[in-house]
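The block underneath contains the structure these notes are about, expressed in structure tokens.
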Protein chains: 2
Amino acid sequence: MDAKPPLRSPTVTDVAAAAGVSPMTVSRVLNGRGGAGEETRQRVLEAAQALNYRPNAFAQSLKSDRSNTVGIVVPDIVNPFFPEIIRGAELVARPAGYTLLSCNVVEDPEREEEVLGTLLDRRVDGVIICSARLDEERLLRAIAPHRAVVLINRSVAKRYAGTIEVDYRAGVEAAVSSLIAQGRRRFVFAAGPAYSHGGRKRREGVEAVLSRHGLALVHDLSCTPDLQGGIELAGKLVPRAGEIDAVICYNDLIALGLMKPFETAGISVPDQVAIVGCDDIPAASLVTPPLTTLRIAKQDLGEMAMRMLLDRIAGRNAQQGIVIEPDLILRSTTPSDLVQEEAGSKLELAAARI
Amino acid sequence: MDAKPPLRSPTVTDVAAAAGVSPMTVSRVLNGRGGAGEETRQRVLEAAQALNYRPNAFAQSLKSDRSNTVGIVVPDIVNPFFPEIIRGAELVARPAGYTLLSCNVVEDPEREEEVLGTLLDRRVDGVIICSARLDEERLLRAIAPHRAVVLINRSVAKRYAGTIEVDYRAGVEAAVSSLIAQGRRRFVFAAGPAYSHGGRKRREGVEAVLSRHGLALVHDLSCTPDLQGGIELAGKLVPRAGEIDAVICYNDLIALGLMKPFETAGISVPDQVAIVGCDDIPAASLVTPPLTTLRIAKQDLGEMAMRMLLDRIAGRNAQQGIVIEPDLILRSTTPSDLVQEEAGSKLELAAARI
DNA sequence: TGAAGCTACGTTATCGTTATCGTTCTTTCA
DNA sequence: TGAAAGAACGATAACGATAACGTAGCTTCA
């Protein structure tokens, strides 16, 4: 129990010496490949146990050309949307014998490229990329050398990657439709990062419904997809509050960022201005008034992505693209005759769209 | 640009062949060790570029016995406290040439042990462990084989690991003192995981101040350190609301979890019951009323931990233990004659304690 | 009884990199 | 002019694990 940091960890050779056999026999025993006598097997196992032997993953990977490691790249680990995805992915990866390497890109395309390179150096068996911010060409170049790729919220030619997309467009259409039904006409779209694929889908959803009603966006403003972005955006919107009556936000963080400044400025939500978020992060239901938003099954998303990735690594490219539908969660930042009960309330989108 | 997944990635030998030199020369050039002629250098660099060569990290690690990888273990990546720490750690690790392997333990000691083993298999050069949940003996056994270890919020004999601790005890004392000054007498401690070291410190802080005033805890209840835990705890506290006038919570999530049920039950916060959280996660300032809490510089914490770890990896064990002080952020879940302004308000603890 | 077949191992070679040492060729200066 | 020093590079071996093959000893049955 006197644990001093061991200068060198034991190798197969050490175990072999201790058990009085060849390294190969140790390998055979430890990998359960058979071809070793029962008595020898016991001796080897005891020796390995005694030395606290652990196979060197580098040596194994070098030989086998498989790292049993998969990567997941997220734009910002501090955004509550992503940790749940990571958790889902990990929940699937670990029982399958894979270690998950999660990489944070801090919303920086350069970093995204760099990180995909680092993952390549580590010879990951596959990568999941969430909300890739790179442009098409650089993205393709970055994923090309990878053995298996799954993209979340980004589409790309099928041969390059599997995709899982949230049908933001439909979700946003449901939200906007519901607001129009309640008489709102003067919409603002609080877009997130300009290069976001999901952001474009959301905008399409807003514009589609508006144009169907002969309306157009009053403002289309971009900001960073975090609380600070929402706060800054509020600075621009407050002076023009009279011109608007609804804000559709790229995500919940932006929406939450808007709320305090609006309250301070005496802009009442939802009476004067309605606010809709996206993602349904935990904080959305905690604030006052609780935030109307699009719920996405984040952990499921991570699990599905990882299952798809493992399939692709194994050469089974059965599922090429999955689309999941968000649920419109009506809370109190949008006016409503019937605000849903909080517990377990879900309005299936399919139903919500006409 | 026709990017089909390459069956085999190029090796030094491929580059060497392309440049008409030996593999050794390629290695020399790419590692900038000198000992290569300028003209040769150019040829090699061009060849490497053309083949899109990337050194195999496994082979390098196998030779050098260094992985340039460090691990960080957190109890729950979905708890907003931890992603900020991870981000801080990554911000320091990457420029130093290290890849960060972050592992999620889902509040399970078994998993913690398993994960430390996995990291060992990957031959990480060091590990940061946040809020280790393992008991002393198993923790020591688990960290012993690691080359360098830094513990966040857990102490252990100096020879085994560097430590960074938040002085929760002092922080909680400040919070409780301030409540007592305002006439609160009937305290509940909403403890988190029973095996949490930081939790014990917090309890000590509460009890120290209470006993100084001849008081004792009315209830000492444990729950999971997440929203759900707070909600469940509220179920127990609501019926006994008459017996209490202040709840000190293990963390903000528990505190936030209490608030909605309290509101629903007509228990007014802070008039009837004051609530104090811990961590100052973003949601704490967004809810109504905003949550009084202990602010911890989470990203700094991650950065410091990583710097300490890199020092230890390099053999510089200068800093053995660091203690950081939390700031008591007085918001509106505690009564106050002078509620602090939100922007930039910090009450330095040293000052807050008498 | 002896050839074939099987089991239980050991030997060798290999994955990709790089430290070490050796070789060749050029330069330098007594 | 020749010995010594240095520069530029190649050959070899090793990191740890294991696939492929080799071999010794035993069993089996014509």
Side-chain angles (χ1 to χ4, degrees), chain A residues 6-45 47-48 51-69 97 120-125 145 147, chain B residues 6-45 47-48 51-69 97 120-125 145 147:
Chain A
L7 291 178
R8 208 182 56 90
S9 17
T11 72
V12 257
T13 311
D14 299 326
V15 178
V21 297
S22 78
M24 193 57 228
T25 299
V26 174
S27 173
R28 270 190 276 253
V29 170
L30 265 36
N31 292 303
R33 292 248 189 294
E38 182 52 27
E39 191 217 357
T40 313
R41 216 180 77 85
Q42 287 306 330
R43 278 216 317 286
V44 168
L45 288 178
L51 292 177
N52 212 341
Y53 170 75
R54 284 183 160 268
N56 184 318
F58 297 138
Q60 291 182 317
S61 297
L62 183 58
K63 265 241 92 177
S64 66
D65 201 34
R66 304 194 71 251
S67 63
N68 290 313
T69 298
L120 194 60
D121 292 343
R122 308 268 166 218
R123 296 296 194 276
V124 291
D125 295 330
R147 305 231 247 282
Chain B
L7 290 178
R8 206 182 58 90
S9 17
T11 72
V12 258
T13 312
D14 299 325
V15 178
V21 296
S22 78
M24 194 55 230
T25 299
V26 174
S27 173
R28 271 190 275 254
V29 170
L30 265 36
N31 291 304
R33 291 250 188 293
E38 183 51 31
E39 190 216 357
T40 314
R41 216 180 77 85
Q42 287 307 329
R43 279 216 316 285
V44 168
L45 289 177
L51 291 177
N52 211 341
Y53 170 76
R54 284 182 161 267
N56 184 318
F58 297 139
Q60 290 182 317
S61 297
L62 183 57
K63 267 243 91 181
S64 66
D65 200 34
R66 306 193 69 251
S67 62
N68 290 313
T69 298
L120 194 60
D121 292 344
R122 308 268 167 220
R123 295 295 193 276
V124 291
D125 295 329
R147 302 229 248 283

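Heavy atoms only: backbone and side chains are in, while hydrogens, waters and symmetry mates are out. Chain letters run A, B, ... following the sequence lines, proteins first, then strands; residues in each count from 1.
- Residues Lys63(B) and Gly37(B) each lie close to DNA chain D; by heavy-atom proximity, the contact nearer the 5' end of the strand is made by Gly37(B).
- The side chain to side chain contact (heavy atoms under 4.5 Å, CB included) test with Val15(A) singles out one residue from Val26(A), Leu45(A), Thr25(A), Leu30(A), and that residue is Val26(A).
- Set against dT11(C), dG16(D), dT17(C), the side chain of Val12(A) has dG16(D) as its closest nucleotide.
- Listed pair Thr40(B) / dC9(D) meets the phosphate criterion, a side-chain N or O lying under 4.0 Å from OP1 or OP2.
- The nearest whole Å value for the distance from the CG atom in Asn56(A) to the P atom in dC15(C) is 18 Å.
- Of the possible donor and acceptor atoms, none in the side chain of Asn31(B) sits under 3.5 Å from a partner among the backbone N and O of Arg33(B).
- Checked against dG16(C), dG10(C), dT18(D), the side chain of Arg28(A) finds its nearest nucleotide in dG10(C).
- Straight-line distance from the CZ atom of Arg41(A) to the P atom of dC9(C): 12 Å, rounded to whole Å.
- Atom CZ of Phe58(B) is separated from atom C1' of dG16(D) by 14 Å (rounded to the nearest Å).
- At dG16(C), none of the side-chain N or O atoms of Thr13(B) fall inside 4.0 Å of OP1 or OP2 (strictly under the cut-off).
- For Asp14(B) and dG16(C), the CG to P distance is 8 Å, given to the nearest whole Å.
- Between Ser27(A) and dT18(D) there is a side-chain polar atom (N or O) within less than 4.0 angstrom of OP1 or OP2.
- The nearest whole Å value for the distance from the CG atom in Asp65(A) to the P atom in dA19(D) is 14 Å.
- Distances shown here put every side-chain N or O of Arg123(A) at or beyond 4.0 Å from the OP1 or OP2 atom of dG16(C).
- The 5' end of DNA chain D is approached more closely, in terms of each residue's nearest nucleotide, by Val21(B) than by the other of Val21(B) and Asn31(A).
- To the nearest angstrom, P of dG16(D) lies 17 Å from CE of Met24(A).
- An OP1 or OP2 oxygen of dG16(C) is reached within less than 4.0 angstrom by a side-chain nitrogen or oxygen of Arg8(B).
- Protein atom CG of Leu62(B) is 12 Å distant from nucleotide atom P of dT18(D), rounded to whole Å.
- Between Gln60(A) and the options Ser67(A), Ser27(A), Pro55(A), a side chain to side chain contact (heavy atoms under 4.5 Å, CB included) holds for only Pro55(A).
- Between Ser22(B) and the phosphate of dA11(D), there is no side-chain N or O to OP1/OP2 separation shorter than 4.0 Å.
- Close to dT18(D), at under 4.0 Å from its OP1 or OP2, lies a side-chain N or O of Gln60(A).
- Remark: Glu39(B) CD is loosely packed, at most 12 non-hydrogen atoms of other residues, nucleotides or ligands lying under 6.0 Å away.
- For Arg66(A) and dA19(D), the CZ to P distance is 13 Å, given to the nearest whole Å.
- In this structure, of dG16(D), dC9(C), dA19(C), it is dG16(D) that holds the atom nearest to the side chain of Ala59(A).
- When all heavy atoms of Ala47(A) and Ala18(A) are compared, the closest pair comes out as CB-CB, 3.9 Å.
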